[in-house]
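Below, each value reflects all heavy atoms present in this structure, side chains not excepted, and no hydrogens, waters or symmetry copies.
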Protein chains: 2
Amino acid sequence: MSITIDPYTAVPKYYQLASILRQKIEEGEWQPRSPIPSERQLEVMYHISRTTIREAIDSLVQQGFLYREHGRGTFVSPRKLQKGWMELTSFSEDLLKRGMQPGQIIRSLTQVIPPVNVLKRLELAPGSTVCRIERIRLADGTPIGLQTSYLALGTGQEITLEDLESSGSLYRILSDKFNIHPSEADETLEVTLATPQEAELLDIPPGAPLLLSERVLFSQERHPIEYVKILYRGDRYQYYTHLKRRE
Amino acid sequence: MSITIDPYTAVPKYYQLASILRQKIEEGEWQPRSPIPSERQLEVMYHISRTTIREAIDSLVQQGFLYREHGRGTFVSPRKLQKGWMELTSFSEDLLKRGMQPGQIIRSLTQVIPPVNVLKRLELAPGSTVCRIERIRLADGTPIGLQTSYLALGTGQEITLEDLESSGSLYRILSDKFNIHPSEADETLEVTLATPQEAELLDIPPGAPLLLSERVLFSQERHPIEYVKILYRGDRYQYYTHLKRRE
DNA sequence: CTGGTAATGTGGTCACTACCAGTTATATTA
DNA sequence: TAATATAACTGGTAGTGACCACATTACCAG
């Protein structure tokens with residue numbers, strides 16, 4: 001990450017500036033609640049137009065790093081709000097962020113005709129086949145969740161056991177191999193109790209409370225990509241989210 | 001909602017335009033996945049500069065109503081993604097959106113010195129007093145959750161029983177009476193089991209699974225306002241979010 | 001000391017301009 | 001006819017210049 005703007009690279013200037021500013025925030029050079037240089041000052045400092053400055057600041061405000069006060073200035077958000085931005089993350093990313101080591105036991109990888117509710121959520125025609133992946137998810141080596149994914153892939157697109165075992169993260173495979181970039185998701189959370197089978201796999205007593213997450217993942221083009229159901233051990237998992245009020 | 005831009009009002013043009021476009025989307029005039037007029041066309045249609053057009057479209061893209069494709073156009077997001085935007089909502093708002101009637105039984109409203117972990121989350125000095133509200137939350141008349149709020153109000157700011165009973169929504173009181181506008185929140189969700197007291201209040205058997213939500217609410221100025229803990233009946237409540245991937 | 005006022009600095013809005021970078025349809029050419 | 005080039009779109013990035021709305025400060029009159 002440079003400390004000046006390079007006008008000859010393909011990277012947009014507003015993006016370069018945003019990176020520079022974010023770095024100063026993350027490294028603590030600019031303390032929480034203190035003002036950053038004004039837009040006119042930044043204009044001189046980096047020889048960029050105010051239009052571009054504002055575009056950079058806009059994105060950081062959007063991401064919660066900065067906040068503006070009309071007539072006063074632009075300020076660094078207090079730590080609390082900098083991290084844990086409401087992000088769509090994969091299981092692996094999620095766990096790594098919490099400082100735990102993600103792992104998995106792949107139970108099956110098959111082509112199946114999914115249940116109708118799954119078909120509906122994936123906006124597929126009845127009888128369509130999808131790729132189903134069953135995995136036990138591990139945190140620091142111990143089971144933490146049971147995950148069942150249904151993937152709506154294009155014809156010819158296929159995920160192999162090797163892909164899964166080498167990368168671990170489904171999102172990475174989608175991105176690298178198929179150029180599908182997860183963008184948004186709808187998720188519901190509720191409470192259930194473990195069936196004997198689930199209890200066995202998760203190494204908990206039958207009837208223990210579980211956190212059930214159901215998520216439909218959408219690509220950048222807003223096509224449903226994946227329906228995934230995860231049963232988390234209630235005693236070992238906490239769901240975190242950051243909410244923003246509209247307007 | 002007008003259908004033309006009024007240059008003489010205090011409402012910014014980009015905001016007026018965004019409202020017009022959003023209306024056309026919500027009323028179905030523009031169908032999902034179909035392109036909206038190009039930015040150059042809108043420039044002519046509404047006699048607004050492209051800068052302003054893009055600002056309006058930006059906000060709608062941000063809110064998930066539209067999506068852009070470089071070189072192709074700007075399109076209406078499919079229905080699925082238009083609604084249920086990841087919003088910070090109050091309990092009442094939340095329930096109303098699900099088509100249920102919110103209600104409450106106020107169990108207590110007192111000034112207390114909260115537990116240390118609450119003080120910490122509210123960034124208050126040890127020994128500070130806050131307003132505590134205990135409520136049983138109802139959906140269509142039946143108990144659905146136990147809510148305990150700790151409010152960090154300014155000196156002289158006070159919430160009365162009448163306020164609560166007449167409005168029902170704490171967010172509305174904060175907004176109307178104190179000019180405090182909830183903006184963001186950190187929330188965690190986990191699973192617990194009902195204690196005998198909790199079970200009694202929620203009309204469920206002791207040991208029944210509950211969804212425990214803990215939320216810290218922040219004002220526009222990023223000051224912590226409220227720490228609230230809600231125990232939801234596991235059999236009657238489902239949590240919903242919409243996630244977006246960063247970048 | 002108090003209250004008003006003007007200067008100055010901040011972010012907010014908007015117009016106009018230019019060019020770049022993808023996409024698509026059409027015309028051209030082999 | 002089929003491949004290729006081109007023109008005419010689309011959104012993306014960037015600069016300049018202007019004025020507005022709000023906050024803070026310093027100064028002045030009472």
Show the distances under 3.5 angstrom between N or O atoms of the protein and N or O atoms of nucleotides 10-13 of chain D.
| residue | atom | partner | partner atom | Å |
| --- | --- | --- | --- | --- |
| D/dT10 | OP1 | B/Ser38 | OG | 2.8 |
| D/dT10 | OP1 | B/Gln41 | NE2 | 3.4 |
| D/dG11 | OP1 | B/Thr74 | OG1 | 3.3 |
| D/dG11 | OP2 | B/Glu39 | N | 3.0 |
| D/dG11 | N7 | B/Arg40 | NH1 | 2.5 |
| D/dG11 | O6 | B/Arg40 | NH2 | 3.1 |
| D/dG11 | N2 | B/His70 | NE2 | 3.4 |
| D/dG11 | N3 | B/His70 | NE2 | 3.4 |
| D/dG12 | OP2 | B/Arg54 | NH1 | 3.0 |
| D/dG12 | OP2 | B/Arg54 | NH2 | 3.2 |
| D/dG12 | OP2 | B/Arg68 | NE | 3.0 |
| D/dG12 | OP2 | B/Arg68 | NH1 | 3.4 |
| D/dG12 | N7 | B/Arg50 | NH2 | 2.6 |
| D/dG12 | O6 | B/Arg50 | NH1 | 2.9 |
| D/dT13 | OP1 | A/Tyr14 | OH | 3.0 |

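There is a side-chain donor-acceptor pair under 3.5 Å between A/Tyr227 and A/Glu214. A/Tyr239 and A/Glu187 are linked by a side-chain donor-acceptor pair at a separation below 3.5 angstrom, with hydrogens and angles left out of the test. In this model, a donor atom of one side chain and an acceptor atom of the other lie less than 3.5 Å apart for B/Tyr67 and B/Arg33. Under the 3.5 Å distance criterion, with hydrogens and angles disregarded, no donor-acceptor pair is assigned to the side chains of B/Ser49 and B/Glu43.
Between the OH atom of A/Tyr46 and the C1' atom of D/dA14 there is a distance of 18 Å, rounded to whole Å. Rounded to whole Å, atom P of D/dG15 lies 11 Å from atom CG of A/Leu17.
Of all non-hydrogen atoms in B/Gly127 and B/Leu119, the two that sit nearest each other are N-CD1, 3.8 Å. The heavy-atom pair separating B/Ile159 from B/Leu153 by the smallest distance is CG1-CD1, 4.1 Å. A/Leu42 approaches A/Pro37 most closely through the heavy-atom pair CD1-O, 3.7 Å.
Side-chain contact between A/Tyr14 and A/Ile48: absent, with no pair of heavy atoms (C-beta onward) separated by less than 4.5 Å.
Checking side-chain atoms of A/Ser34 against main-chain N and O of A/Trp30 turns up no donor-acceptor pair under 3.5 Å.
If you check every strand for non-hydrogen atoms under 4.0 Å, B/Thr51 touches a base.
When DNA chain C is scanned in the 5' to 3' direction for atoms under 4.0 Å from non-hydrogen atoms of chain B, the outermost contacting nucleotides are C/dT13 to C/dT24.
Taking five base pairs at each end of the helix from C/dC1-D/dG30 to C/dA30-D/dT1, the local helix axes there meet at an angle of 10°, rounded to 10°.
With respect to the salt-bridge test (charged N to carboxylate O, under 4.0 angstrom), the residues B/Arg50 and B/Glu39 qualify.
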